[in-house]
Colleague: 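Here it is: the structure, laid out below.
Order of the sequence lines fixes the chain letters, A, B, ..., with proteins taken first and strands second; residue numbering starts at 1 for each chain.
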2 protein chains.
Amino acid sequence: MKSVFSSHPDVEDLGVAERIQAIVGELPRQEARVAQYMLLNIDDLVFQNGASIARKAGASEVTVSRLLRRLGFRGMAGLKRELRTQRDEGSIDMSGDRELDKLDPALKHALDGELRALVSVFSQTMDPRWTRAVRTVTGAQRVFVTGFQSVRGVAEDLSRRLALVRDDVRFFSAHDGMLGEWVGDVEARSAKRKDCVIIVDVVPYAQEAPLLARMSREAGRQLVVLTDELCHWAQSHTELVFHGPSRNGLIIESTVALTSLANLLVDAVARRDPAVAERRMRRWHKITRKLNVF
Amino acid sequence: MKSVFSSHPDVEDLGVAERIQAIVGELPRQEARVAQYMLLNIDDLVFQNGASIARKAGASEVTVSRLLRRLGFRGMAGLKRELRTQRDEGSIDMSGDRELDKLDPALKHALDGELRALVSVFSQTMDPRWTRAVRTVTGAQRVFVTGFQSVRGVAEDLSRRLALVRDDVRFFSAHDGMLGEWVGDVEARSAKRKDCVIIVDVVPYAQEAPLLARMSREAGRQLVVLTDELCHWAQSHTELVFHGPSRNGLIIESTVALTSLANLLVDAVARRDPAVAERRMRRWHKITRKLNVF
DNA sequence: CTTTTCATGAAAGGATTCTTTCATTATTTG
DNA sequence: CAAATAATGAAAGAATCCTTTCATGAAAAG
């Protein structure tokens with residue numbers, strides 16, 4: 001688990017792997033065997049105990065115990081303690097920003113999580129499905145956007161910004177009147193250019209989302225889902241599911257990654273015809289300017 | 001390692017966090033507390049045992065044991081087994097580092113910008129003014145949140161999430177009816193506990209923001225502003241201005257940093273009294289669950 | 001070849017961790 | 001308000017894990 005930014009190798013205390021590496025050559029036969037095993041399965045050590053390592057490495061429990069002692073760890077507990085601090089250290093180093101060292105540890109962890117989440121989000125744009133999603137949204141006759149509870153705002157902003165970039169985008173809420181209009185529109189099924197529904201959703205809150213998803217498909221609409229990493233229902237309705245990790249250790253889950261996904265979607269759609277998009281944006285700026293003067 | 005996409009999260013076996021998430025709302029008090037702790041420290045669970053979790057979560061060992069069983073794990077061992085298979089499925093990893101080379105240069109640049117923006121945002125929480133802002137929001141009698149145009153959704157979500165964590169939060173829009181109610185309330189000026197207004201704003205669009213800011217101050221309300229890096233007007237109305245950089249080279253400016261600022265604000269307020277926040281969250285989970293069944 | 005040193009695991013002990021049982025307390029229901 | 005139900009932790013028991021001790025055998029030294 002590396003950080004997004006290159007992590008700084010602490011000069012003084014070596015990591016677990018290095019320590020083993022350093023002495024593996026001068027160990028007695030069985031201990032070396034165990035050491036070797038640990039090196040090869042270093043990521044797995046946190047899930048193990050002395051006995052299991054002994055078994056898998058083909059040595060006795062005592063040997064593992066002795067080896068750990070020789071490596072300078074206070075037993076399995078000590079090794080895990082070490083692994084943990086290693087993970088904590090390795091997780092953040094922000095481009096030499098020493099200042100961040102003073103950050104509250106919880107926040108530091110959260111920041112690291114957010115950074116990873118963003119990387120994950122951007123990575124998803126390389127997936128062929130992303131391109132398909134963008135094409136879907138771009139080519140759709142009309143686009144409906146919805147979102148619930150704590151991410152409803154994300155969905156609303158998405159619809160607003162998407163509307164800057166293409167025609168016939170609207171936000172709709174299952175509880176508002178618009179649902180009627182939306183449902184009643186039956187001939188959409190057979191239209192040449194299909195409609196597209198974008199659902200922004202986070203798992204704990206939405207029972208509505210799966211329902212809407214099903215309805216959308218049944219009405220012959222394409223479906224794009226932006227959701228968090230916990231989502232399990234979306235896959236079965238469409239392949240166009242994209243995840244913005246939301247757990248970051250804070251009390252409230254993060255909407256940053258989802259927001260980024262939404263931003264990227266808008267940008268990608270705009271990019272399909274940059275000239276048009278820019279023209280629209282400019283016109284819009286002009287309008288708001290006029291409105292603002294009032 | 002693996003792709004960022006989990007190949008196909010089997011519908012049947014949910015991840016650990018999901019399982020917890022799924023039932024946290026309907027758990028008894030202490031078990032919920034433990035569950036909450038596990039969610040917030042999920043990355044740390046592999047290093048822990050039942051006793052340590054119990055201690056840190058403030059419950060008894062037995063409670064942890066029971067919770068695990070209720071979640072469907074065969075004790076701590078079972079949970080770790082689950083965590084391991086989850087990791088094997090690649091749901092946690094992120095090492096897209098190399099992969100990112102294939103990213104469209106424009107997006108790469110944008111990603112870099114977003115990362116920096118987030119670091120900047122988190123850095124601002126170390127500023128004494130941040131603490132003051134948090135105190136202001138926490139201590140205010142009522143909190144009004146507003147935002148315009150393309151960040152209105154951010155503001156709405158902020159108000160919703162803030163409302164999960166403290167009383168008397170409401171979103172208001174200058175163009176809606178609520179403004180009247182808000183303006184007419186003159187005696188607020190002399191109240192012992194002041195009201196607080198949070199404005200979420202990005203520069204190109206809002207003429208309204210400075211106006212509202214002025215009105216707020218004149219009405220004796222505290223003012224907190226979350227804005228982008230281009231903002232020039234806010235400083236003169238309040239010192240509690242925080243910036244979420246929004247220019248990232250994409251066609252549409254980013255709302256990610258602003259979103260993060262909003263998230264952090266909510267978390268900080270919640271953190272002022274975690275017990276209360278947790279209780280509120282839990283109650284809310286329960287309610288939405290009930291609503292969802294409808 | 002003998003002695004010394006070292007490596008190793010079996011066995012037992014001790015420590016830790018998990019679970020079961022049960023009495024107390026809180027919550028819900030009638 | 002009373003009865004029933006659920007939640008909770010203390011205590012004890014069971015299981016697991018780690019270490020200590022010691023006997024055995026192998027390698028190294030003399």
Side-chain angles (χ1 to χ4, degrees), chain A residues 16 19-20 22-39 41 44-84, chain B residues 16 19-20 22-38 41 44-84 275-276 278-287 289-290 293:
Chain A
V16 173
R19 267 202 245 183
I20 302 176
I23 64 166
V24 71
E26 42 202 44
L27 288 173
R29 198 167 40 86
Q30 285 294 80
E31 286 188 33
R33 196 167 164 173
V34 175
Q36 196 63 35
Y37 173 85
M38 297 209 302
L39 276 177
N41 298 75
D44 212 53
L45 293 185
V46 289
F47 295 108
Q48 309 230 13
N49 57 45
S52 68
I53 292 177
R55 186 159 21 83
K56 296 187 187 177
S60 77
E61 222 174 319
V62 214
T63 304
V64 175
S65 205
R66 267 194 288 259
L67 172 61
L68 289 175
R69 187 65 40 110
R70 178 151 14 197
L71 286 166
F73 302 116
R74 211 98 65 69
M76 260 289 138
L79 172 73
K80 290 190 181 174
R81 217 180 357 261
E82 192 61 29
L83 287 172
R84 165 145 66 173
Chain B
V16 173
R19 271 202 239 182
I20 302 176
I23 65 167
V24 72
E26 43 199 37
L27 288 174
R29 196 164 44 86
Q30 287 294 80
E31 287 189 31
R33 197 167 162 169
V34 175
Q36 192 68 30
Y37 172 86
M38 299 208 302
N41 297 77
D44 214 54
L45 292 185
V46 288
F47 295 108
Q48 306 228 17
N49 56 45
S52 68
I53 292 177
R55 186 159 20 86
K56 296 186 188 180
S60 76
E61 219 173 321
V62 210
T63 304
V64 177
S65 205
R66 267 193 289 256
L67 172 63
L68 288 175
R69 203 119 33 75
R70 171 138 37 183
L71 287 166
F73 304 115
R74 207 95 69 68
M76 260 289 138
L79 180 128
K80 290 191 181 174
R81 219 183 351 265
E82 192 61 31
L83 286 173
R84 165 146 65 174
V276 170
E278 192 191 313
R279 197 156 359 105
R280 295 181 67 109
M281 296 269 302
R282 222 155 52 73
R283 201 178 326 140
W284 177 62
H285 272 181
K286 210 180 277 179
I287 291 174
R289 184 164 301 277
K290 274 190 190 136
V293 178

Colleague: Distance check needed: D/dA7 P versus B/Glu26 CD, whole Å only.
Modeller: 11 Å

Colleague: Tell me: CG of A/Leu67 to C1' of C/dA7, nearest whole Å?
Modeller: 13 Å

Colleague: With side-chain contact (heavy atoms from CB on, under 4.5 Å) as the test, pick out the partner of A/Glu31 among A/Leu68, A/Val24, A/Thr63.
Modeller: A/Thr63

Colleague: In chain order, what residues pass the side chain to side chain contact (heavy atoms under 4.5 Å, CB included) check against B/Gln48, with sequence neighbours excluded?
Modeller: A/Arg84, B/Tyr37, B/Asp44, B/Ser52, B/Ile53, B/Lys56

Colleague: For A/Leu71 and A/Arg19, which heavy atoms make the closest approach, and how far apart are they?
Modeller: O-NH1, 3.1 Å

Colleague: Nearest-Å distance, CG (A/Leu27) to P (C/dC6)?
Modeller: 15 Å

Colleague: Checking A/Gln30 side chain against A/Val64 main chain: does a donor-acceptor pair fall under 3.5 Å?
Modeller: no

Colleague: Mind checking whether A/Pro28 and A/Arg70 have side chains closer than 4.5 Å, heavy atoms only?
Modeller: yes

Colleague: For a quick check, with a 4.0 angstrom heavy-atom cut-off, what is the B/S/- contact string for nucleotides 8-30 of chain C, read 5' to 3'?
Modeller: BBB------SBSB----------

